[in-house]
Amino acid sequence: MSIIKNEFEKMNITKIKNAKNKYKLTMITAYDALFANLFEELAHMILVGDSLNMSFAGKKDTLSATLEQMIYHTKAVCNGAKNSFVILDMPFGTYINKDEALKNAVKVYNETNAAAIKIEGGEDKAYIIEHLTKNSIAVMGHIGLMPQYVRSEGGYKVRGKTKEDEVQLIKDARAVEKAGAFALVIEGVKSEVAKKISQSVSIPTIGIGAGKDTDGQVLVWSDMLGFFEEFKPKFVRKYLDGASLVKGAVAQYRQDVEKENFPNKEEEY
Ligand code: KIV
């Protein structure tokens, strides 16, 4: 497998926007400096997703993530991947109105090196996105299945199954674009609808569970590297069996300790 590191070029919102219809964008989540450093120069963007509340903090959904928590993890990611375009995912309740959203986004820019923030919501949140972008905050939108709506929607539901929903999703995408977002995550949407959404806007769409016709893809690192064992969504491709590798290595370590194979002469002072 070839590693594309030497072709790396630090991204900015102009380059991200210009990628549309030229090349596919790759985004990956990261929550700490160690993994961010491994992903740096491999992915175009690193998202500090509020999914960390589930995979990292062990909570049942993303709703209890706090701004302080997101800032802490974003600082770590920016320390580990100084050349990456890092996006902080604004947690639930931190953009309930435009003033609160701007106050919190400014806090993110003041306290971290994040290049942008991400906000869930379509037409309903366009006025907030517009207020942020008019005040020099770079915003990535997020429509379709929106994990922060899980309790109000009564579950995680794949979107775009009816003509009516398709029309709404296209309206959402256009509203987010008009509000000034530089890119748009489309999550959990029927592939043919995600394709139409991507063709309806001039900003790049980044899909997750939205088929291959978006302008890029995003995956949660712990899902794609096989560390999150509780369940595997249909859209995740497992590029590594991380959990088995880690468990095997730790079991070996324990055996070596028990049999006094570790440490050996070379491993002592
Ligand atoms: O929180 C997250 O990791 C996300 C991605 C799934 C897009 O929002």
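For the single chain, residues carry numbers from 1 onward in sequence order. Whatever order the structure lists them in is the order used to number ligands and atoms, beginning at 1.
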Does ligand 1 have any atom that is closer than 4.0 Å to a heavy atom of H142? yes
Note, Q148 side chain near D50 side chain (heavy atom, < 4.5 Å): yes
So, is E187 polar-close to ligand 1, with some N/O to N/O distance under 3.5 Å? no
If we only count N/O pairs under 3.5 Å, is E120 in contact with ligand 1? no
Taking only residues two or more places apart in sequence, or in another chain, which ones meet M11 in a side chain to side chain contact (heavy atoms under 4.5 Å, CB included)? K15, I16, Y23, L25, H44, F85
Who pairs with F56 by ring-ring contact (aromatic ring centres under 6.0 Å, His included), at least two apart in sequence or on another chain? H73
What atoms in ligand 1 come closer than 4.0 Å to a heavy atom of K118? 8 (O)
Just wondering, do R174 and I170 contact through their side chains at under 4.5 Å, heavy atoms? yes
Number the atoms of ligand 1 from 1 as they appear, then name those within less than 4.0 Å of a heavy atom of G49, with their elements. 1 (O), 2 (C), 3 (O)
Would you indicate whether D61, at its atom CG, is surrounded by more than 12 heavy atoms from other residues, nucleotides or ligands within a distance under 6.0 Å? yes
Is it true that Y95 and Y109 fall in one hydrophobic cluster, defined by side-chain heavy atoms closer than 4.5 Å? yes
Measure the acute angle between the ring planes of F262 and Y253, then classify it against the limits of 30° and 60° as parallel, tilted or perpendicular. perpendicular
Closest non-hydrogen protein atom to atom 3 (O) of ligand 1, residue and atom name please, with distance? S51 OG, 2.6 Å
With a cut-off of 4.0 Å, which atoms of ligand 1 are near a heavy atom of I208? 6 (C)
Residue, atom name and distance, where the atom is the protein heavy atom closest to atom 4 (C) of ligand 1: L47 CD2, 3.7 Å
Distance filter under 4.0 Å to T29 heavy atoms, resulting ligand 1 atoms: 3 (O)
